[in-house]
Amino acid sequence: LNVIQRSRILVATFGNGKAGNMTLKVDKLAVRDGSRNSTGTFADGDGADLNVIAANSVEIAGFQDNGIPSGLFSAATPNSSGDAGDLSIQSNQINVRDGGTISATNFGSGNTGNLNLNANTILLDNQAFVGAETIAGEQGNINLNSKFIQLRRNSNITTNARGTANGGNININSPVIASFENSDI
């Protein structure tokens with residue numbers, strides 16, 4: 001079991017060049033207590049792609065004491081013009097709970113990366129969040145491929161565009177989708 005607690009792994013560019021990609025190949029990945037695995041851009045270069053390949057499961061859960069959520073992130077900062085990278089997860093089970101987050105965002109002028117989740121089971125519980133947001137660029141598609149998707153207790157799957165941005169689409173390929181207790185897509 002690979003457990004990341006209260007740690008941060010960041011692959012980013014602070015200049016004009018593209019950041020290198022981050023690929024995690026594990027049996028199980030647990031990201032807890034405000035830990036974050038992130039790719040991003042802080043400048044003109046494009047952000048890295050974040051790829052997780054977990055044979056058994058991916059669990060993202062909880063917050064740090066200061067309210068920072070645990071999560072996997074692809075982001076571009078407000079002063080950047082580069083594109084954010086894609087975030088892809090492939091596993092038997094993806095379990096996001098207790099405020100855990102999977103997110104692609106671009107707060108600069110570039111395009112937002114896509115979120116690609118492929119798993120037999122995708123479970124979101126207790127304020128879990130899967131989302132893509134862009135301010136001025138485009139894209140930020142969410143692509144879910146799963147045999148079973150369940151959202152419980154105020155969990156959300158969301159795309160959002162603000163300002164001059166064209167938001168992304170939510171594409172779901174699943175025979176069973178269950179949403180309970182004020183959860184939304």
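With a 4.5 Å cut-off on side-chain heavy atoms, Ile149 and Ile172 count as touching. Val130 places none of its side-chain heavy atoms less than 4.5 Å from the side chain of Asn156. Inter-residue side-chain proximity for Thr105 and Thr112 is flagged as unmet; no heavy-atom pair is nearer than 4.5 Å. With contacts defined as side-chain heavy-atom distances shorter than 4.5 Å, the pair Asn169/Thr159 does not qualify.
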So Leu144 and Ile157, side chain to side chain contact (heavy atoms under 4.5 Å, CB included) or not? Walk me through it. CA-CA 10 Å; Leu144 304 176; Ile157 299 172; 3.7 Å; yes
Using the side-chain hydrogen bond (donor to acceptor under 3.5 Å, both in side chains) rule, take Asn92 and Asn56 through it: C-alpha gap first, then chi angles, then the decisive distance, then the call. CA-CA 5 Å; Asn92 181 50; Asn56 193 330; 4.6 Å; no
So Gln93 and Leu123, side chain to side chain contact (heavy atoms under 4.5 Å, CB included) or not? Walk me through it. CA-CA 8 Å; Gln93 180 174 340; Leu123 305 172; 3.3 Å; yes
Walk me through whether Ile94 and Ile102 qualify under side chain to side chain contact (heavy atoms under 4.5 Å, CB included). CA-CA 11 Å; Ile94 299 171; Ile102 299 172; 4.3 Å; yes
Passes side chain to side chain contact (heavy atoms under 4.5 Å, CB included), Asn116 versus Leu87? Steps please. CA-CA 6 Å; Asn116 305 301; Leu87 195 162; over 6 Å; no
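Here the straight-line distance linking atom CG of Leu50 with atom OG1 of Thr23 works out to 8.0 Å at 0.5 Å rounding. In this structure, CD1 on Ile89 lies 8.0 Å from CG on Leu115, to the nearest 0.5 angstrom. Atom-to-atom distance recorded for Asn37:CG and Ser70:OG is 10.0 Å, nearest 0.5 angstrom. Here the CG-CG distance, from Asn154 to Asp184, works out to 8.5 Å after rounding to the nearest 0.5 Å. Taken to the nearest 0.5 Å, the CZ atom of Phe73 stands 6.0 Å off from the OG atom of Ser103. Atoms CG and CG, from Asp49 and Asn114 in turn, are 9.5 Å apart once rounded to the nearest 0.5 Å.
No donor-acceptor pair under 3.5 Å is formed between the side chain of Ser38 and the backbone N or O of Ser74. Remark: the backbone N or O of Asn111 is paired with a side-chain donor or acceptor of Asp83 at under 3.5 angstrom. Between the side chain of Thr121 and the backbone N or O of Phe148 there is no donor-acceptor pair closer than 3.5 Å. When atom types are taken as modelled, the side chain of Ser155 and the backbone of Ala128 share a donor-acceptor pair closer than 3.5 angstrom. Not a single donor-acceptor pair under 3.5 Å links the side chain of Ser80 to the backbone N or O of Phe42. Remark: the backbone N or O of Glu133 is not paired with any side-chain donor or acceptor of Asn160 at under 3.5 angstrom. Of the possible polar contacts, one joining the Ser146 side chain to the Ala119 backbone as a donor-acceptor pair under 3.5 Å is found.
Taking every heavy atom of both residues into account, Arg36 and Pro69 meet most closely at NH1-O, 3.3 Å. Closest approach of Ser183 and Ser179 over heavy atoms only: O-OG, 3.0 Å.
Ile122 and Ile53 are not part of a single hydrophobic cluster, where members link through side-chain heavy atoms under 4.5 Å apart. Residues Ile68 and Phe107 do not share a hydrophobic cluster, defined by chaining ILVMFWY side chains whose heavy atoms lie under 4.5 Å apart. By the rule that hydrophobic residues join a cluster once side-chain heavy atoms approach within less than 4.5 Å of another member, Phe129 and Phe63 end up as members of separate clusters. The cluster map of Ile, Leu, Val, Met, Phe, Trp and Tyr, joined by side-chain heavy atoms under 4.5 Å apart, puts Val58 and Val26 in the same cluster. Residues Ile142 and Ile177 fall within the same hydrophobic cluster, defined by Ile, Leu, Val, Met, Phe, Trp and Tyr side chains chained together at heavy-atom separations under 4.5 Å.
Ion pairing between Glu59 and Lys28 fails under the 4.0 Å rule for side-chain N and carboxylate O.
Among Arg153, Arg97, Gln150, the one residue that satisfies the side chain to side chain donor-acceptor pair (under 3.5 Å) test with Asp125 is Arg153.
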